[in-house]
**Student:** 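Quick one: structure below, then a few questions.
Here the structure is a predicted model, which means the values were calculated and not measured. Atoms within each ligand, like the ligands themselves, are counted from 1 in listed order.
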Amino acid sequence: MKSKIRSWLLAVVLVGVAIALLAWLVSVFLNRSGDASAQLTLPVTPELISKGAYLARAGDCVACHTAHGGQTFAGGRGIESPIGTIYATNITPDKATGIGSWTYGEFERAVRRGVGHDGSALYPAMPFPSYALVSDEDTQALYAYFMNDVKPVQQANQANGIPWPLSIRWPLAYWRTLFSPTPESTVNAVASENPQIARGAYLVQGLGHCGSCHTPRALTMQEKGLNEQSPDYLTGALLNDWAVPSIRGIGHWSVEEIVDYLGSGRNDKASVAGEMTDVVANSTSHMSDQDLHAMAVYLKSLAGEGDTGRAHDPQRSAATAAKLTAAKDLTLGERLYLDNCGACHFVKGEGASRIFPRLDGASIINAQNPTALIHVILAGAQTPSTERGPSILPMPGFAARMNDAEVAELATFLRGGWSNQAPAVSADQVRQVRTALTEGHAKGEQKLEAGNDK
Ligand code: HEC
Ligand code: HEC
Ligand code: HEC
């Protein structure tokens, strides 16, 4: 009897091993995408190199491939994922530790196909499902730039913090085959009768990889759509609990206002905050007016209203402004607002065009999840300095000046004041955000120091 069970077990193990081997073999085959020995076909001219530099901005390669305080493109920045930290690699042309000895084909496979230098599958923390759309010519320009104009930095790559067996890479080849398009399948994918919309779609869907934050993900982690053929595309998502707005249609802004926001981090209604701040500072603010217009026109062409916050309600707005002006029988939240915020955002909550964002109707205040609002009150925020808007406009953090219950009262007032209508905030919710910030969970940035009140 015992030996029967034993041989039965042995059979199961053998079949299991055979299936795993076969799956692995097929994955090796799946990784044979592209041609690792391909060479540049375009002549390397100063124009091609500067075009590549521009495209590297549009693709925001620096965002992930540069560690906080580290050397440009030398890698080492950790990206949190549900299975562990994935470190972006050194993409400077250093021969020993970077991509200096790579062929064009090897570079192309990594960027557009998610196949690494050693032929293994890359984690989609590298946004290759979006970059698959990048044209041959633009990929060549990127390669010309990285090889010829980026300073080589010798810095060894950091091993990923993913435990075995999750660290086994070959199953990723299946993920990629299921969810990431190949460059071949995306040729002419963004053809539109309107060349401006086609250019905007190419940038937003491709190098801009805007969907990686603005499109909700499925359980298997792929974006629910990579272009407007999916009704979920760019409909907004949660990023570390921060509500990322829908950018389909953007009904509350004009094309000019979108261009302003992407180009300078501010417009007459809002200022950029959260992870979008770095996107503006590193990427969109360096793009040409023509390309920003193309992206804005494309986003406006998508069916949807965007995340409009709350429509202006003149009666409720006036009532809140009157109560704050009279300054009688104030609730704790109202008093905290007058004492700490009114000097910049004013009793009408209207702010000042291109300087202090509007709070009346703002989507960050009306979002169902209050994390982003609490985060801004505790840690402050900063409109980045860009060529189009050089002044840095800081909003101080109030972590050291208010306790959890006070921040909750203040946030609850903001979410019910003027035209705003969103559920109250509890001290417990504030405590959670404060803890995450103090421990630097929020991707290592804007970490709260004790007594931080810049
Ligand atoms: C959102 C973050 C992110 C952005 C943006 C990004 N990368 Fe990456 N990239 C990564 C990560 C993470 C890896 C490592 C993936 C892995 O280990 O599987 C990677 C890997 C690579 C590799 C492969 C390295 C190797 O050792 O095989 C290359 C080449 C590369 N990226 C180039 C680029 C270029 C060029 C751009 C801009 C057009 C870019 N990346 C933008 C996160 C990013
Ligand atoms: C790293 C994540 C990330 C990426 C990539 C990203 N965004 Fe954002 N975006 C955000 C977040 C977070 C906000 C909310 C900012 C706030 O709360 O102030 C935002 C806000 C916006 C807004 C303001 C919308 C509104 O109605 O308030 C626009 C427009 C926008 N993004 C466009 C883009 C475009 C275009 C791209 C691609 C070029 C892009 N974003 C890429 C995270 C991202
Ligand atoms: C010294 C002037 C100043 C004070 C005081 C101030 N703010 Fe701000 N606030 C700003 C600036 C400037 C920004 C834009 C920063 C940025 O780019 O997000 C901002 C941004 C914000 C935002 C984000 C708006 C958006 O659209 O992303 C919120 C919410 C906010 N402030 C609420 C408050 C509250 C609540 C207080 C009081 C506790 C306060 N502010 C005090 C100047 C100020």
**Student:** Please check whether Ser246 reaches ligand 2 - meaning an N/O of the residue sits under 3.5 Å from an N/O of the ligand, judged on distance alone.
**Tutor:**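 N/O-N/O distance below 3.5 Å does not exist for this pair.
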**Student:** Can you list the ligand 3 atoms lying under 4.0 Å from a non-hydrogen atom of Leu373?
**Tutor:**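 Going through ligand 3 atom by atom, the ones under 4.0 Å from Leu373 are 29 (C).
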**Student:** Which residue holds the protein heavy atom closest to atom 37 (C) of ligand 1, what is that atom called, and what is the gap in Å?
**Tutor:**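 Scanning the protein heavy atoms, the shortest distance from atom 37 (C) of ligand 1 goes to Cys61 SG, 1.9 Å.
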**Student:** Return the residue, atom name and 0.1 Å-rounded distance of the protein heavy atom closest to atom 2 (C) of ligand 1.
**Tutor:** Cys64 SG, 1.9 Å
**Student:** How close does the nearest protein non-hydrogen atom get to atom 36 (C) of ligand 2, and which residue and atom is it?
**Tutor:** Cys210 SG, 2.8 Å
**Student:** With atoms numbered from 1 as shown, which atoms in ligand 3 lie under 4.0 angstrom from a non-hydrogen atom of Ile355?
**Tutor:** 12 (C)
**Student:** To check your reading of the model: name the closest protein heavy atom to atom 17 (O) of ligand 1, its residue, and the distance in Å.
**Tutor:** Arg169 NH2, 2.9 Å
**Student:** Looking at every heavy atom in both Thr97 and Val153, which two are closest together, and how far apart are they?
**Tutor:**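 Between these two residues, the closest heavy atoms are OG1-O, 3.5 Å.
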**Student:** Less than 2.8 Å away from atom 8 (Fe) of ligand 3, how many protein N/O/S atoms can be counted, ignoring water?
**Tutor:**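 Count of protein N, O, S atoms less than 2.8 Å from atom 8 (Fe) of ligand 3: 2.
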**Student:** Between Gly389 and Ser264, what is the shortest heavy-atom contact and its length?
**Tutor:**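 Smallest interatomic distance, heavy atoms only, reads N-CB, 4.0 Å.
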**Student:** Taking only heavy atoms of Leu414 into account, list the atoms of ligand 3 that are under 4.0 Å away from them.
**Tutor:**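 Here the atoms of ligand 3 in question are 35 (C).
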**Student:** With respect to Tyr87, determine whether any N or O atom, backbone or side chain, lies less than 3.5 Å from an N or O atom of ligand 1.
**Tutor:** no
**Student:** Would you mind listing which atoms of ligand 2 come within a distance below 4.0 Å of any non-hydrogen atom of Tyr261?
**Tutor:**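 Near Tyr261, the atoms of ligand 2 are 15 (C), 20 (C), 21 (C), 22 (C), 23 (C), 28 (C).
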**Student:** I'd like to check whether Arg358 has a polar contact with ligand 3, where a contact means an N/O of the residue lying under 3.5 Å from an N/O of the ligand.
**Tutor:**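 No, since none of the N or O atoms of Arg358 sits under 3.5 Å from an N or O of ligand 3.
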**Student:** Which heavy atom of the protein is the closest neighbour of atom 8 (Fe) of ligand 1, given with residue, atom name and distance?
**Tutor:** His65 NE2, 2.0 Å
**Student:** With heavy atoms only and a cut-off of under 4.0 Å, state how Asn157 meets ligand 1: side chain, backbone, both or neither.
**Tutor:** neither
**Student:** Provide the number and element of each atom of ligand 2 under 4.0 Å from a heavy atom of Ile250.
**Tutor:**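 Heavy-atom distances to Ile250 below 4.0 Å select 29 (C).
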**Student:** Do me a favour and list the nearest non-hydrogen protein atom to atom 28 (C) of ligand 1 with residue, atom name and distance?
**Tutor:** Ile91 CG2, 3.7 Å
**Student:** Looking at Val347 and Trp418, what are the two nearest heavy atoms and their distance?
**Tutor:**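 Residues Val347 and Trp418, closest heavy atoms: O-NE1, 2.9 Å.
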**Student:** Are any of the N or O atoms of Trp253 closer than 3.5 Å to those of ligand 2?
**Tutor:**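 It does not: no N or O of Trp253 is found under 3.5 Å from an N or O of ligand 2.
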**Student:** Looking at Lys323, I want to see if its NZ is surrounded by more than 12 non-hydrogen atoms of other residues, nucleotides or ligands under 6.0 Å.
**Tutor:** yes
**Student:** So if I count the atoms of ligand 3 from 1 in the order they appear, which ones are less than 4.0 Å from some heavy atom of Val272?
**Tutor:**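 Those atoms are 16 (C), 17 (O), 18 (O).
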**Student:** Please determine whether any non-hydrogen atom of Pro245 lies less than 4.0 Å from an atom of ligand 2.
**Tutor:** yes
**Student:** Which side chain to side chain donor-acceptor pair (under 3.5 Å) pairs, counting each pair once, include a residue from residues 386-398, with sequence neighbours left out?
**Tutor:** Arg266-Ser391, Asp289-Arg388
**Student:** Looking only at protein heavy atoms, identify the closest one to atom 32 (C) of ligand 1 and say how far it is in Å.
**Tutor:** Met126 CE, 3.7 Å
**Student:** Would one find more than 12 heavy atoms of other residues, nucleotides or ligands at under 6.0 Å from atom CZ of Arg217?
**Tutor:**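 Check passes, neighbour count above 12.
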**Student:** Report yes or no: does a heavy atom of Ile247 sit under 4.0 Å from some atom of ligand 2?
**Tutor:**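 Yes; Ile247 lies near enough to ligand 2 that a heavy-atom distance drops under 4.0 Å.
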**Student:** Less than 4.0 angstrom from a charged side-chain N to a carboxylate O is my criterion; do Arg248 and Glu228 meet it?
**Tutor:**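 Salt bridge flag = no for Glu228 with Arg248.
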**Student:** So which protein heavy atom does atom 40 (N) of ligand 2 come closest to, and at what separation?
**Tutor:** His214 NE2, 2.9 Å
**Student:** Need the ligand 2 atom indices (1-based, order shown) with element for anything under 4.0 Å from a heavy-atom of Gly208.
**Tutor:** 37 (C), 38 (C)
**Student:** Starting from atom 41 (C) of ligand 1, which protein heavy atom do you reach first, and at what distance in Å?
**Tutor:**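 Looking only at protein heavy atoms, the one closest to atom 41 (C) of ligand 1 is Tyr131 OH, 3.2 Å.
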**Student:** For atom 25 (C) of ligand 1, what's the nearest protein heavy-atom neighbour? Residue, atom name and distance, please.
**Tutor:** Trp102 CH2, 3.3 Å
**Student:** Going by the closest heavy atom to atom 20 (C) of ligand 1, which one wins out of Thr139, Thr89, Ile79?
**Tutor:** Thr89
**Student:** Should Met295 be counted as touching ligand 2, given the test is an N or O pair under 3.5 Å?
**Tutor:**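 Between Met295 and ligand 2 (N or O atoms, distance only) the closest approach is not under 3.5 Å.
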**Student:** More than 12 heavy atoms of other residues, nucleotides or ligands under 6.0 Å from CD of Gln421: is that the case?
**Tutor:**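 Yes, enclosed.
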**Student:** Would you find a donor on one side and an acceptor on the other, under 3.5 Å apart, between the side chain of His345 and the backbone of Arg358?
**Tutor:**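 No, the answer is negative, given that no donor and acceptor are paired below the 3.5 Å cut-off.
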**Student:** Which atoms of ligand 2 have any heavy atom of Cys213 under 4.0 Å away?
**Tutor:**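 Result: 1 (C), 2 (C), 3 (C), 4 (C), 5 (C), 42 (C), 43 (C).
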**Student:** Please identify which atoms of ligand 2 are closer than 4.0 Å to at least one heavy atom of Trp242.
**Tutor:**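 Matching atoms, with element in brackets: 12 (C), 17 (O).
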